[in-house]
Participant: 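One structure coming up, written as C-alpha cells, with questions to follow.
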Amino acid sequence: MRILVTGGAGFIGSAVVRHLVLDKGYEVLNVDKLTYAGTQTSLTSVGNQAGYRFLKADICDRGAIAEAFSSFQPDRVMHLAAESHVDRSITGAKDFVDTNVIGTFTMLECARQYWAGLEPARKEAFRFLHVSTDEVYGSLGDDGLFTEETPYDPSSPYSASKAASDHLAKAWMRTYGLPVVVSNCSNNYGPFHFPEKLIPLTILNAMEGKPLPVYGNGANIRDWLYVEDHARALDIIAERGRIGETYNVGGRNERRNIDVVTRICELMDGFRPGRQPHAALITHVADRPGHDARYAIDATKLETELGWKAEENFDTGIEKTVRWYLDNEWWWAPLRSGYAGTRLGLIDPPKQGAA
Ligand code: NAD
Ligand code: DAU
C-alpha cells in the first residue's frame, strides 16, 4: 500500500505518518512545504524506515505535485496540509486562502489527472481523503452536537477556507467521479503540537512561569481528541469510508477552556511542585474576534459504520501530553525560540482620521 500524505511534518500529519509507517508497514511519501508549523524533527522515528520518503514541496505547485503522483504512484492520498491556526488567519488570511483553497484545488486536479490514467482495478481502489475540521459547522449553543448533516456556517478566515476546500473536494467527487471521502474532526491535542495552540502554549508557559492567557471568560467549549486516536480514525476512513461521504471524528470530551488550563496547572503542580500553584499564572485577556462558543462532535457514524473508537479520554490524554512536553524539550525548544507565544489574532483599531 502506497500513501501520499500532505502536511506530514505537521502535528496531525506526523502522527498519521508514524501510524502508517510504523504500525501498518505502508509506504508513505510525505509532501510538505515545511512552513513554520512543519518540522522533520517530529518524524525522527520514521526517518530511517525503508518505506518512508519525504518531498519538500508546496501543494500549490502543480508541476511538483503532478510529478509526485507520477513518480510515487499512490494507492491513496491523505490530504492534511493546511494553514491551521485560527488566530493567524485573523491576523492575515492570504496564506490560508492560498494553501487551503488553491492548494486543495491543485491536489484535486493532480489527483484527478493521475487517477484517470490508472488501470481499472487500481482506479476502482483509489481514494482521496480530504482531512477537515468541525469548525466548518460554526458554533453550537448550550445543547446539541455537530452531525454530518449540520449546515456549514464558518466564522473565521481559517474555517471559511477549510469550508471552501471541503466543497471543492465534494464537487470533484460529484462532477468528475474522483473517489473522495471527507473527515471533519474536533480539537486535537498530544505530542508534537506546535506551541501556538491552547494546550501546548499553556504547558510551556506554565513551565517557564509565564502568564497563561485565557481568551474572554474562558467558558468557550472545545471537544478534545488525542491525536493518535485521530490518526487511527483517518486510516480507517481512508480504507473503509464510503465514497462521497463525510465522517465526523471526535472523542466526546467537551471541556471549557478554563477547565483545560486549570487541569494543566494541577498536573504541573504535581510534576513541578516548586512553582505551585500554577493556577496563579492564569490571566484573562481580550477575547478572540468571532470566537465560536462551543464545538461538540457526534461520532456515531464513524463508530457504528466503521468500528472506530477513541482509546484515550481527556484525563489520560492530558496527563500523557504534559509529561511528554516535560520530557521532550529537544523537540519544542527550537520552535519556541522562533515563536515565544506572542498574542496573535487581535484586530488593530482603525487609525485616527482613517476613512
Ligand atoms: P499543522 O499546522 O500542525 O501542520 C500543517 C502542515 O502542513 C505543516 O507541516 C506545514 O508545513 C504543511 N503545509 C502548510 N502549508 C503547506 C503548503 N502550501 N504545501 C505543503 N505543505 C504545507 O496542522 P495540523 O494541526 O496538523 O492540522 C492538519 C490538518 O488537520 C489540517 O488540514 C487541519 O485543518 C486539520 N484539522 C486540525 C485539527 C487540530 O486540532 N489541529 C482538528 C481538525 C482538523
Ligand atoms: O476544532 C478543530 C480546530 O481546533 C482545528 O481545525 C484547528 O486547526 C485547531 O487549531 C483548533 O482550533 P481552535 O481555535 O479551537 O484551537 P486553539 O488551540 O487556537 O484554541 C482553543 C481554544 O482556546 C479556543 O476557544 C481559543 C482559546 N485560547 C487559545 C489560545 C491560543 C485561549 O483561551 N488562549 C490562548 O492562548
Side-chain angles (χ1 to χ4, degrees), residues 5-16 30-40 42-43 55-61 64-65 78-90 95-96 98-100 102-104 106-107 130-137 139 146 155-156 158-159 161-162 165-166 183-190 192-202 205 211-225 227 230-231 234 249-250 255-258 260-261 282-285 287-288 291-297 341-345:
V5 175
T6 71
F11 167 47
I12 301 169
S14 67
V16 168
N30 173 15
V31 178
D32 197 297
K33 184 181 174 182
L34 297 180
T35 67
Y36 80 94
T39 167
Q40 297 198 75
S42 304
L43 292 162
L55 172 68
K56 184 175 188 307
D58 188 330
I59 57 165
C60 300
D61 179 344
I65 299 301
M78 297 173 75
H79 172 41
L80 292 96
E83 287 292 336
S84 69
H85 192 38
V86 172
D87 291 335
R88 282 182 198 263
S89 81
I90 297 167
D95 288 348
F96 290 74
D98 287 347
T99 289
N100 300 358
I102 306 295
T104 298
T106 309
M107 287 300 302
H130 174 67
V131 178
S132 192
T133 169
D134 61 355
E135 298 202 11
V136 298
Y137 299 125
S139 186
F146 293 137
S155 303
S156 72
Y158 162 70
S159 53
S161 70
K162 290 297 291 187
S165 70
D166 294 11
S183 64
N184 294 85
C185 187
S186 62
N187 287 62
N188 285 215
Y189 69 103
F192 304 104
H193 202 181
F194 189 85
E196 62 189 351
K197 309 278 169 45
L198 176 68
I199 287 181
L201 180 75
T202 300
N205 279 10
L212 310 179
V214 172
Y215 298 172
N217 62 10
N220 301 64
I221 290 173
R222 297 292 180 265
D223 184 358
W224 295 97
L225 182 68
V227 66
H230 189 195
L234 294 177
V249 190
R255 293 285 186 285
R256 295 187 314 159
N257 292 338
I258 188 68
V260 169
V261 173
I282 293 174
T283 309
H284 289 269
V285 297
D287 209 349
R288 170 185 281 174
H291 199 175
D292 287 332
R294 175 173 166 257
Y295 304 147
I297 283 274
T342 321
R343 177 74 194 266
L344 299 165

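Every number for a ligand or one of its atoms is a count from 1 in the order of the listing.
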Participant: Under the rule for side chain to side chain contact (heavy atoms under 4.5 Å, CB included), what residues qualify as partners of D134, not counting sequence neighbours?
Facilitator: Y137, F146, S186, Y295, I297
Participant: Provide the number and element of each atom of ligand 2 under 4.0 Å from a heavy atom of Y158.
Facilitator: 5 (C), 6 (O), 7 (C), 8 (O)
Participant: Going by the atom numbers of ligand 2, which of them fall below 4.0 Å from some non-hydrogen atom of L201?
Facilitator: 36 (O)
Participant: Closer than 4.0 Å to some heavy atom of V214 - which atoms of ligand 2 meet that?
Facilitator: 33 (O)
Participant: I want to confirm something. Looking only at heavy atoms, which of R88, H291, K197, H193 is nearest to atom 26 (C) of ligand 2?
Facilitator: H291
Participant: Please could you name the atoms of ligand 2 that T133 approaches to less than 4.0 Å, counting only its heavy atoms?
Facilitator: 1 (O), 2 (C), 3 (C), 5 (C), 6 (O)
Participant: Minimum distance, heavy atoms only, to atom 22 (C) of ligand 2: which one of N220, D292, L225, N257 is it?
Facilitator: N257
Participant: Check each atom of ligand 2 against the heavy atoms of H85 and keep those under 4.0 Å away; list them by number with element.
Facilitator: 19 (O)
Participant: For W224 and ligand 2, does the shortest N/O to N/O distance drop below 3.5 Å?
Facilitator: no
Participant: Partners of N220 by side chain to side chain contact (heavy atoms under 4.5 Å, CB included), sequence neighbours excluded?
Facilitator: N217, R222, N257, H291
Participant: Identify all pairs of nitrogen or oxygen atoms, one from ligand 1 and one from the protein, separated by less than 3.5 Å, and list them with distances.
Facilitator:
unit_1   : atom_1 : unit_2 : atom_2 : d
ligand 1 : 2 (O)  : S84    : OG     : 2.7
ligand 1 : 3 (O)  : F11    : N      : 3.0
ligand 1 : 9 (O)  : G10    : N      : 2.9
ligand 1 : 9 (O)  : D32    : OD1    : 3.3
ligand 1 : 9 (O)  : D32    : OD2    : 2.6
ligand 1 : 11 (O) : D32    : OD1    : 2.6
ligand 1 : 11 (O) : L34    : N      : 3.4
ligand 1 : 11 (O) : T35    : N      : 3.0
ligand 1 : 11 (O) : T35    : OG1    : 3.1
ligand 1 : 18 (N) : D58    : OD1    : 3.0
ligand 1 : 18 (N) : T99    : OG1    : 2.9
ligand 1 : 19 (N) : I59    : N      : 3.0
ligand 1 : 21 (N) : K33    : N      : 3.0
ligand 1 : 23 (O) : S84    : OG     : 3.3
ligand 1 : 26 (O) : F11    : N      : 3.3
ligand 1 : 26 (O) : I12    : N      : 2.7
ligand 1 : 32 (O) : L80    : O      : 2.9
ligand 1 : 32 (O) : K162   : NZ     : 2.7
ligand 1 : 34 (O) : Y158   : OH     : 2.7
ligand 1 : 34 (O) : K162   : NZ     : 3.1
ligand 1 : 40 (O) : N188   : N      : 2.9

Participant: Given the rule in the side-chain hydrogen bond (donor to acceptor under 3.5 Å, both in side chains) test, do H79 and T104 qualify, once you have shown the distances and angles that lead to the verdict?
Facilitator: CA-CA 8 Å; H79 172 41; T104 298; 3.0 Å; yes
Participant: Which atoms of ligand 2 have any heavy atom of S186 under 4.0 Å away?
Facilitator: 1 (O), 2 (C)
Participant: Who pairs with H284 by side-chain hydrogen bond (donor to acceptor under 3.5 Å, both in side chains), at least two apart in sequence or on another chain?
Facilitator: none
Participant: Which atoms of ligand 2 are found less than 4.0 Å from any heavy atom of P213?
Facilitator: 32 (C), 33 (O), 34 (N), 35 (C), 36 (O)
Participant: Taking the minimum heavy-atom distance to atom 12 (O) of ligand 2, which of E135, E196, E83 ranks first?
Facilitator: E135
Participant: By number and element, which atoms of ligand 2 are closer than 4.0 Å to a non-hydrogen atom of V86?
Facilitator: 14 (O)
Participant: Out of S155, C185, S156, which residue meets the side-chain contact (heavy atoms from CB on, under 4.5 Å) rule with E135?
Facilitator: S156
